[in-house]
Amino acid sequence: MSLLEVSDVSKTYGSGRGVVTALEDVTFSVETGSMLAILGPSGSGKTTLLSIVAGLLQPTSGRIVIDGQPIHLRSQREAALYRRDKIGIVFQDYHLIPYLSAVENLLLMPRLAGRATRAHREKALGLLEEFGIGERAKHAPWELSGGERQRVAIARALMNDPEIMLVDEPTANLDTERGTQVVAMLGEHVRGRDMTCLMVTHDVRMAEGADRVLRLVDGRVV
Ligand SMILES: Nc1ncnc2c1ncn2[C@@H]1O[C@H](COP(=O)(O)OP(=O)(O)O)[C@@H](O)[C@H]1O
Ligand SMILES: [Mg+2]
């Protein structure tokens with residue numbers, strides 16, 4: 001169960017004459033079991049917004065509330081625990097570990113935590129299967145296409161059943177048909193569980209798979 005509420009969030013970088021306003025009074029919410037797409041051109045503040053929701057960046061002002069809990073007030077340590085336990089992030093450039101296979105990339109976090117079990121492995125293989133890359137489980141990232149790498153990154157973010165899934169430019173380097181397919185699969189996964197998904201993209205076609213679409217222009221929701 002996760003209702004994500006973003007209220008009056010502003011973010012400025014720098015100070016004095018060099019100040020950049022990346023977000024200005026952004027307000028929206030995402031209901032449990034749904035996917036919201038935020039559509040905006042490059043430089044409109046999309047990555048800044050995802051980083052704030054992930055607790056990686058502090059907003060200059062405003063509130064992020066998840067299930068009634070304000071998360072913008074947390075310490076760095078609390079924010080790190082919150083990310084580990086509740087958030088799945090798919091970065092624009094995937095951040096896969098190049099010398100680990102697809103399935104090992106999914107198993108990295110439980111292994112680092114010293115609690116990888118056979119159940120984790122089965123879950124990892126099941127997720128790769130669900131996203132249509134089961135037969136690629138033992139391949140390294142450099143042996144995979146851009147679309148396959150992206151599916152690995154999505155599957156990895158889903159490994160710990162995050163309450164909130166954050167996806168940055170899901171289709172940056174993909175052809176459209178593949179891209180919309182991946183978004184549709186993710187949407188199905190999200191709706192089938194009590195997961196909440198926030199996706200940001202510059203590509204209007206990717207937003208078709210979402211339950212709701214907002215537009216971001218120059219840091220403002222319009
Ligand atoms: N660390 C930073 N320092 C200064 N300006 C930044 C920083 N990160 C982003 N910006 C600026 O904030 C604005 C929004 O950037 P970003 O959130 O990356 O947008 P998008 O993801 O939509 O391309 C841009 O004008 C960008 O140059
Ligand atoms: Mg970006």
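Start at 1 and go down the list; that is how both ligands and their atoms are numbered.
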Could you find the nearest protein heavy atom to [atom] and give me its residue, atom name and distance?
atom                    : answer
atom 25 (O) of ligand 1 : V20 CG1, 3.9 Å
atom 13 (C) of ligand 1 : G43 O, 3.7 Å
atom 6 (C) of ligand 1  : Y13 CD1, 3.2 Å
atom 18 (O) of ligand 1 : T47 CB, 3.8 Å
atom 19 (O) of ligand 1 : G45 N, 3.1 Å
atom 16 (P) of ligand 1 : T48 OG1, 3.7 Å

Nearest-0.5 Å distance that lies between atom CE in M109 and atom CZ in R84 = 8.0 Å
message = Would A22 count as being in polar contact with ligand 1, using the rule that some N or O on each side must be under 3.5 angstrom apart?
response =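 So ligand 1 has no N or O lying under 3.5 Å from an N or O of A22.
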ask   = Quick one: do D67 and K86 make a salt bridge, cutoff under 4.0 Å?
value =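 No, this pair does not count.
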inquiry  = Check this for me, if you would: do R220 and D218 make a salt bridge, where the nitrogen-to-carboxylate-oxygen distance has to be below 4.0 angstrom?
reply    = no
Strictly distance-based, threshold 3.5 Å: is any side-chain N or O of [X] a donor or acceptor partner for the main-chain N or O of [Y]?
X    : Y    : value
H139 : R136 : no
D211 : M35  : yes
T12  : V19  : no

Whether S44 lies under 4.0 Å from ligand 1, heavy atom = yes
query = Is S51 near ligand 1, meaning one of its heavy atoms is under 4.0 Å from it?
reply =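 No, that is not the case, since the closest heavy atom of the residue is not under 4.0 Å from the ligand.
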inquiry  = My question is simple, although I want it checked carefully: is atom 3 (N) of ligand 1 less than 4.0 angstrom from any protein heavy atom?
reply    =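 Yes; the ligand atom in question has protein heavy-atom contact below 4.0 Å.
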query = N/O/S atom of T47 under 2.8 Å from the Mg ion (ligand 2), yes or no?
reply =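 Checking T47: at least one N, O or S atom is under 2.8 Å.
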query = With distance as the sole criterion, is a donor-acceptor pair present between the side chains of T47 and D168 under 3.5 Å?
reply =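 Looking only at side-chain atoms, D168 and T47 do form a donor-acceptor pair, the distance falling under 3.5 Å.
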key: Side-chain donor-acceptor contact under 3.5 Å, Y13 with T48   =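 Their side chains do contain a donor-acceptor pair, which is all the 3.5 Å distance test asks for.
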task = Within a distance under 4.0 Å of any heavy atom of P41, pick out the atoms of ligand 1 and give their elements.
result = 22 (O)
